[in-house]
Amino acid sequence: MKDLVEVIVKALVDDPDAVEVTESEKNNEIILELHVADHDMGRVIGRQGRIAKAIRSVLKAMGSKENKRVMLNIVD
């Protein structure tokens with residue numbers, strides 16, 4: 001899942017080298033933290049959060065295949 005988020009976000013931002021994703025797992029939950037450059041934050045979130053919601057929807061679908069809950073935190 002970490003790799004998927006990296007591929008999607010790097011395609012969206014101006015500074016793909018600043019994209020960093022960390023993954024941690026507790027019990028039945030996967031927590032992904034996405035770090036992007038300050039000037040790319042708007043591109044990742046999108047208008048009214050549409051892009052962030054779309055990324056989270058894809059992750060939720062992948063998590064349901066593995067019976068895991070996935071959370072994505074976007075951090076600058």
Main-chain N/O of [Y] paired to [X] side chain as donor or acceptor, under 3.5 Å:
{"X": "Asp40", "Y": "Asp15", "answer": "yes"}
{"X": "Asn28", "Y": "Arg69", "answer": "no"}
{"X": "Arg56", "Y": "Leu72", "answer": "yes"}

According to a hydrophobic-cluster definition based on side-chain heavy atoms being under 4.5 Å apart (Ile, Leu, Val, Met, Phe, Trp, Tyr only), do [X] and [Y] belong together?
{"X": "Val70", "Y": "Val7", "value": "no"}
{"X": "Leu4", "Y": "Ile55", "value": "yes"}
{"X": "Leu59", "Y": "Ile31", "value": "no"}

What verdict does the side-chain contact (heavy atoms from CB on, under 4.5 Å) test give for Met41 and Val36, after you've listed the backbone C-alpha separation in whole Å, the side-chain angles of each residue and the deciding distance to 0.1 Å?
CA-CA 6 Å; Met41 187 64 71; Val36 295; 4.0 Å; yes

Ile74 to Ala52 - nearest heavy-atom pair and separation
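Ile74 and Ala52 have their closest heavy atoms at CD1-CB, 3.9 Å.
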
In the structure I gave you, are the side-chain heavy atoms of Lys68 and Met1 within less than 4.5 Å of one another anywhere?
no

Is there a side-chain contact between Arg43 and Ile51, using heavy atoms and a 4.5 Å cut-off?
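The answer is no, as the side chains (C-beta and beyond) never meet within the 4.5 Å cut-off.
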
Spacing of [atom1] belonging to [X] relative to [atom2] belonging to [Y], to within rounding of 0.5 Å:
{"X": "Leu32", "Y": "Met71", "atom1": "CG", "atom2": "CE", "result": "10.0 Å"}
{"X": "Thr22", "Y": "Asn73", "atom1": "OG1", "atom2": "CG", "result": "9.0 Å"}
{"X": "Leu34", "Y": "Ile8", "atom1": "CG", "atom2": "CD1", "result": "10.5 Å"}

